[in-house]
Amino acid sequence: MVDAILGLQWGDEGKGKIVDYFAPRYDIIARFQGGPNAGHTLYVNGDKIVLHQIPSGVFHENTSNLIGNGVVLDPVTLLKECATVARFGVDVKKNLFISHRAHLILPTHRALDKASELSKGHDKIGSTLKGISPAYMDKTGRNGLRVGDLLDKSFITSYIRLRLKHQKLLDNYGFTEDIAAWEEEFFEALEFLKQLNIVNGEYYINSQISEGKTVLAEGAQGSMLDIDFGTFPFVTSSNTTTAGVCSGLGVAPQKIREVIGVTKAYCTRVGGGPFPTELTNETGEELRKLGNEFGATTGRPRRCGWIDLVALKFACMVNGVTKMVMTKADVLDSFTELQACTGYKIDDIVVDAVPFQMTRVNIDPQYTSMPGWNTNTTEKKSPNELPGKMVQYVNFINEYVGVPVKYISNGPGRDQIVTV
Ligand code: GDP
Ligand code: IMO
Ligand code: MG
């Protein structure tokens with residue numbers, strides 16, 4: 001039995017906190033896609049930790065954590081992260097498992113990401129520069145190197161061959177940065193990686209499921225960054241949606257039970273690309289300030305806006321979301337009026353569907369206004385303590401989207417969550 005936790009917007013919905021909250025109920029937490037472009041923030045005994053590669057269940061002694069085949073793995077980031085979690089007493093040799101089919105991010109992938117972004121100028125995607133797109137290109141282009149390849153003596157020959165290919169591409173871009181230092185850390189990190197639990201992920205997870213163990217699949221990024229269903233080309237390079245759970249872990253669709261979608265009470269996006277409800281005014285600034293909206297991976301300021309119910313309903317549809325978690329509800333505590341986008345006006349026609357090419361049409365978001373609760377909610381523990389106007393806001397969303405919000409997160413802390 002597998003449940004999934006996925007982002008329903010453009011990433012940074014608070015998945016890390018929510019996975020950490022649910023983790024004690026599961027035996028295995030498994031990342032199925034993405035790589036170090038992810039930045040999942042958790043608070044462990046008051047200390048803030050941002051995880052990029054390791055699943056967010058790692059701080060629970062009785063959970064195992066799997067980096068699935070659908071993930072692209074940067075050994076350097078992993079090494080650093082293992083050192084961070086070790087300081088909190090986590091023994092990764094005991095509770096971290098890595099699929100031998102996960103593809104490696106090479107130093108030249110990072111260089112190619114940078115070169116590609118530079119060549120795009122104003123039209124750049126705004127990637128995290130972690131080498132994600134080149135690594136997935138080598139996967140689908142059938143050139144990539146996988147974690148399991150490390151254990152083969154032909155690895156170094158394959159590495160040199162691929163590196164030469166990358167060098168030609170870099171020369172084409174006119175990229176001249178010296179990456180010798182990156183390569184040095186890469187090879188050091190590979191030695192560390194070899195000592196970890198490299199497993200046959202698909203057999204590992206299916207045998208655990210057969211024994212009655214429970215799995216929580218942890219999504220990275222968000223549905224609107226999905227390579228197929230997101231705001232292409234301003235997306236990431238993997239399937240961030242539920243289908244990615246099957247291909248990224250090797251589990252069959254009928255094994256998936258709950259799909260828990262995480263949405264902020266408003267909306268953010270980092271990097272380029274369409275964002276219909278973006279507020280470039282004082283209200284947007286207020287949301288960024290109150291929500292501390294700065295990227296967990298890159299530190300970039302996040303673009304902020306009102307909740308987009310058209311996009312949220314679309315995300316629930318493609319994912320088959322069974323229940324939602326609304327995070328950062330407390331960020332709206334001081335607002336006297338709230339807006340929710342319930343339609344897109346395109347060429348004078350209001351639609352409630354996400355258009356094929358969001359970048360080519362001019363979307364005028366249509367809003368429904370609601371009163372804000374204007375009350376501090378960060379200490380609330382039970383649903384009957386929540387202000388009526390917050391309940392009204394949530395009910396409006398439930399009704400529009402057709403999927404219920406079952407949890408409201410009212411602060412970054414581990415215990416700041418109300419089950420409704
Ligand atoms: P993720 O990538 O989806 O895991 O989200 P990030 O960690 O990138 O960003 C979410 C940010 O919001 C982090 O700084 C969290 O600590 C914080 N956060 C999560 N839930 C809440 C909440 O309910 N209220 C507030 N104020 N902050 C939250
Ligand atoms: P988490 O898991 C928010 C965005 C980048 C860029 C686009 C492509 O923390 O929610 P990439 O490096 O993947 O090629 O960048 O996707 N992006 C994210 N935005 N949260 C993330 O992850 C993201 N991972 C990638 O900003 O616009
Ligand atoms: Mg994040």
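Just so we're clear, the structure is a prediction, and the values are computed from it rather than from any experiment. Each ligand, and each atom within it, is numbered from 1 in the order the structure gives.
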Q) Would one find an N or O of T236, backbone or side chain, under 3.5 Å from an N or O of ligand 2? A) yes
Q | Atoms of ligand 2, numbered as shown, that sit under 4.0 Å from any heavy atom of A220 | A | 2 (O)
(Q) Less than 4.0 Å is my threshold; does some heavy atom of Q221 fall inside it relative to ligand 2? (A) yes
Q: Name the option, out of K15, H52, H40, R302, that contains the heavy atom nearest to atom 9 (O) of ligand 1.
A: R302
Q | Shortest protein heavy-atom distance from atom 27 (N) of ligand 1, along with the residue and atom involved | A | K328 CE, 3.4 Å
Q. Of the listed options (T327, T377, D330), which comes nearest to atom 25 (C) of ligand 1 when hydrogens are ignored and any heavy atom counts?
A. D330
Q: Please determine if the Mg ion (ligand 3) has an N/O/S atom from G39 lying under 2.8 Å away.
A: yes
Q.
Among D308, T277, D364, which residue satisfies the side chain to side chain donor-acceptor pair (under 3.5 Å) criterion with Y344?
A. D308
Q | Non-hydrogen side-chain atoms of Y136 and V72 separated by less than 4.5 Å | A | yes
Q. Tell me: protein heavy atom nearest atom 19 (C) of ligand 1, and distance?
A. K17 CD, 4.1 Å
**Q.** Residue W10 vicinity, atoms of ligand 2 by number, heavy atom under 4.0 Å
**A.** 3 (C), 19 (N)
Q) Quick one: does R300 get within less than 4.0 Å of ligand 2, heavy atoms only? A) yes
